[in-house]
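A short write-up of the structure that comes next.
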Amino acid sequence: MSYTISIPENSAFTGDHMGLTFTHGKAHTDDYFLASRLQSKGYTVTADEVAGGEAVHDSGEVTEAHVSAAEAGEIPLEEMTIPLLKEHAAKNGIDLGGARNKPEIISAIYAAHAETEQ
């Protein structure tokens, strides 16, 4: 998936920043983690692709398109947002226990999947 990164307060900026080349305040990346980090710093991030016929925007909101794509195995766990990981766990009856951050949640999901495969 590709993401468009926009600098809302400086739409005229052209140059390199955070490893991206911005032109007129916009840059593109395929790096989900960079996109989510920039979004947490106030940049506007939109997804450039479509999943399940609906535009997918990584606003942190869990949409039906996100859930459908995740359930179909189209989105790796590492690329899911925390809300989507929690939704995935709930739909699959996975107890996350004390998992609080993304790596802990992913580990709990993988552990649960490994137990069901045995």
Do you know the tightest heavy-atom contact between K26 and T4?
->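 So the two residues come closest at CD-CG2, 4.4 Å.
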
What one should report as the nearest heavy-atom pair of L96 and K86 is CD1-CG, 4.1 Å

Quick one: [atom1] on [X] to [atom2] on [Y], what's the gap to the nearest 0.5 Å?
{"X": "I5", "Y": "K41", "atom1": "CD1", "atom2": "NZ", "value": "13.0 Å"}
{"X": "T81", "Y": "E87", "atom1": "OG1", "atom2": "CD", "value": "10.0 Å"}
{"X": "Y3", "Y": "L38", "atom1": "OH", "atom2": "CG", "value": "12.5 Å"}

Worked check of side chain to side chain contact (heavy atoms under 4.5 Å, CB included) between H88 and I109 | CA-CA 9 Å; H88 173 79; I109 293 171; 3.9 Å; yes

side-chain contact (heavy atoms from CB on, under 4.5 Å) involving A112 - partner list, sequence neighbours excluded =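 Once residues adjacent in sequence are excluded, the partners of A112 under the side-chain contact (heavy atoms from CB on, under 4.5 Å) criterion are I94.
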
Pairs touching residues 101-112 that satisfy side-chain hydrogen bond (donor to acceptor under 3.5 Å, both in side chains), sequence neighbours left out |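 Every side-chain hydrogen bond (donor to acceptor under 3.5 Å, both in side chains) pair that includes a residue of residues 101-112, provided the two are not neighbours, is E78-Y110.
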
For residues 14-22, which side-chain donor-acceptor pairs fall under 3.5 Å, sequence neighbours excluded?
residue: T14; atom: OG1; partner: H24; partner atom: N; Å: 3.1
residue: D16; atom: OD1; partner: T21; partner atom: OG1; Å: 2.8
residue: H17; atom: NE2; partner: Y43; partner atom: OH; Å: 2.8

